[in-house]
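Data first, discussion second: the structure below is written as C-alpha cells.
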Amino acid sequence: MRNLTKILILLFLLNLALYASTVGTITALNGTASILREGKNIDATLGAKLQQKDSIKTFDSTKVQVIFNDETIISIGKNSNFSIDEFLFEESDTPSAKFGLLSGAMRTITGKIGKVAPDKFSVKTKTATIGIRGTNFSIFAGEEGSAKVFCTFGAISVSAQGDSSSSIVTQGFYVQVSPDGAKSAPI
C-alpha cells in the first residue's frame with residue numbers, strides 16, 4: 001500500500017511538472033503587460049518564462065516579443081489580449097501550436113512547427129482561424145470581432161468561424177473578416 005501511494009504521488013508530480021513546463025520566453029518588453037496564469041495576474045518581465053494556457057495582456061504603448069521553444073517569434077502590440085492555447089514541441093510526435101488573439105495586434109515568424117507540421121499551427125480570433133504554410137503574417141483583431149490578416153511572406157489560409165471554406169492569402173495580400181464572420185476575397 002505504501003508503494004502504491006509513493007507511485008501515485010510520483011505520477012502526480014510528474015504530470016504537474018509536464019503541465020508547468022516552459023514553452024516560451026519574453027525576450028523584449030516595452031511598456032506594461034501582464035500574464036494571466038491559472039486565474040492569477042503576474043507582471044510580465046523581460047525573461048519571464050511562459051507556459052501553455054498562459055494569456056498575455058498588453059496596455060497602451062506596450063509591445064512584447066516572445067520566442068517559443070521551436071524558434072517561433074511572436075510580437076504582440078499595444079492593447080492586445082493574446083493566449084497560448086496549446087504548444088507541444090519538445091519530445092512530441094505530434095507538434096502543435098495553437099494561439100488566440102481576442103483583440104489587438106500580433107506579428108508572427110513561424111519556427112520549426114511551421115516547417116514540420118504547418119497544418120498544426122493556427123491562430124484564432126473571435127471570428128476567424130488562420131492556418132499557416134511556413135510563413136510570416138500579421139493580425140489586427142478588433143474587440144468587436146473584426147480581423148484583418150496580412151501575409152508578409154509565404155502563404156496563409158483564413159477561414160471564418162462557421163464557414164467550411166478557407167481563402168489562401170499569399171504574400172503582399174490581406175483578408176478582412178467582419179464581426180458577423182463575412183470574409184473578403186484576398187485584397
Side-chain angles (χ1 to χ4, degrees), residues 23-28 50 52-58 62-187:
V23 299
T25 303
I26 294 178
T27 56
L50 299 173
Q52 189 168 221
K53 304 296 183 191
D54 281 355
S55 292
I56 299 172
K57 183 172 175 87
T58 62
T62 299
K63 293 179 185 173
V64 174
Q65 179 177 287
V66 178
I67 297 182
F68 287 87
N69 294 350
D70 75 327
E71 299 173 4
T72 290
I73 301 170
I74 295 183
S75 299
I76 305 162
K78 67 179 180 176
N79 298 317
S80 297
N81 192 341
F82 171 82
S83 62
I84 306 166
D85 300 332
E86 179 178 276
F87 190 88
L88 303 171
F89 178 64
E90 293 178 13
E91 300 178 21
S92 176
D93 292 335
T94 55
S96 176
K98 294 180 181 179
F99 304 107
L101 184 67
L102 292 179
S103 62
M106 65 176 276
R107 182 168 193 271
T108 302
I109 301 172
T110 58
K112 293 177 183 169
I113 292 175
K115 291 175 179 55
V116 300
D119 58 324
K120 301 291 185 185
F121 191 111
S122 65
V123 178
K124 269 192 165 186
T125 69
K126 289 180 182 177
T127 56
T129 300
I130 297 86
I132 61 102
R133 306 284 188 270
T135 188
N136 303 350
F137 62 96
S138 299
I139 304 171
F140 298 93
E143 288 186 23
E144 79 288 354
S146 66
K148 285 186 180 179
V149 185
F150 296 82
C151 182
T152 53
F153 179 79
I156 56 175
S157 66
V158 178
S159 58
Q161 302 297 338
D163 182 1
S164 60
S165 67
S166 63
S167 298
I168 302 299
V169 183
T170 56
Q171 69 188 39
F173 292 90
Y174 72 97
V175 166
Q176 290 182 263
V177 180
S178 68
D180 65 2
K183 178 178 57 180
S184 73
I187 301 169

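Please read these numbers as outputs of a predicted model, since none were measured by experiment.
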Point to revise | Check against side-chain contact (heavy atoms from CB on, under 4.5 Å), Val149 and Val169 | key: CA-CA 9 Å; Val149 185; Val169 183; over 6 Å; no

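- Annotation for Thr125 and Gln161: closest pair O-NE2, 3.7 Å, computed over non-hydrogen atoms.
- Looking at heavy atoms from C-beta onward, Pro95 lies out of side-chain contact with Asp70 at the 4.5 angstrom threshold.
- The distance from atom OG1 of Thr58 to atom CD1 of Ile76, rounded to the nearest 0.5 Å, is 7.0 Å.
- The shortest side-chain heavy-atom distance between Thr108 and Ile74 falls under the 4.5 Å cut-off.
- The nearest pair of heavy atoms linking Ser167 to Val175 is CB-CG2, 4.5 Å.
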Point to revise | Step-by-step side-chain contact (heavy atoms from CB on, under 4.5 Å) determination, Lys126 to Glu144 | key: CA-CA 8 Å; Lys126 289 180 182 177; Glu144 79 288 354; over 6 Å; no

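- The residue from Phe140, Phe137, Phe173 that alone fulfils the ring pair (Phe, Tyr, Trp, His ring centres under 6.0 Å) condition with Phe150 is Phe140.
- For the atom pair NZ of Lys98 and CD1 of Ile113, the computed distance is 11.0 Å after rounding to the nearest 0.5 Å.
- The distance from the OG1 atom of Thr129 to the CD1 atom of Ile156 is 12.0 Å, given to the nearest 0.5 Å.
- One finds the CD atom of Glu86 at 8.5 Å from the OG atom of Ser122 (value rounded to the nearest 0.5 Å).
- Counting heavy atoms from C-beta outward, Lys120 and Thr94 have side chains that stay 4.5 Å or more apart.
- Closest approach of Asp85 to Lys53, counting heavy atoms only: O-NZ, 2.9 Å.
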Exercise for review: Please step through side-chain contact (heavy atoms from CB on, under 4.5 Å) for the pair Arg107 and Asn136, ending with a clear verdict.
Suggested key: CA-CA 7 Å; Arg107 182 168 193 271; Asn136 303 350; 4.3 Å; yes

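- A distance-only check finds no donor-acceptor pair linking the side chain of Ser146 to the backbone of Pro179 [under 3.5 Å].
- For the residue pair Gly24 and Asn69, the shortest heavy atom distance occurs at N-OD1, 3.9 Å.
- Shown here for Gly181 and Ala160, the closest heavy-atom pair between the two residues is O-CB, 2.9 Å.
- A salt bridge is defined here as a Lys NZ or Arg NE, NH1 or NH2 lying under 4.0 Å from an Asp or Glu carboxylate O, and Lys183 with Asp163 meets this definition.
- Here CD1 of Ile109 is found 9.0 Å from OG of Ser138. Values are rounded to the nearest 0.5 Å.
- Under the 3.5 Å distance criterion, the side-chain polar atoms of Thr72 are matched with a main-chain donor or acceptor of Gly111.
- Within the model, atoms OG1 of Thr110 and NZ of Lys115 stand 5.5 Å from one another, a figure rounded to the nearest 0.5 Å.
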Check your understanding: Could you walk me through whether Ile84 and Phe68 pass the side-chain contact (heavy atoms from CB on, under 4.5 Å) check?
Key -> CA-CA 10 Å; Ile84 306 166; Phe68 287 87; 3.8 Å; yes

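- Annotation for Ile168 and Pro186: closest pair O-CG, 3.6 Å, computed over non-hydrogen atoms.
- Within 6.0 Å of CD in Glu143 there are 12 or fewer heavy atoms belonging to other residues, nucleotides or ligands.
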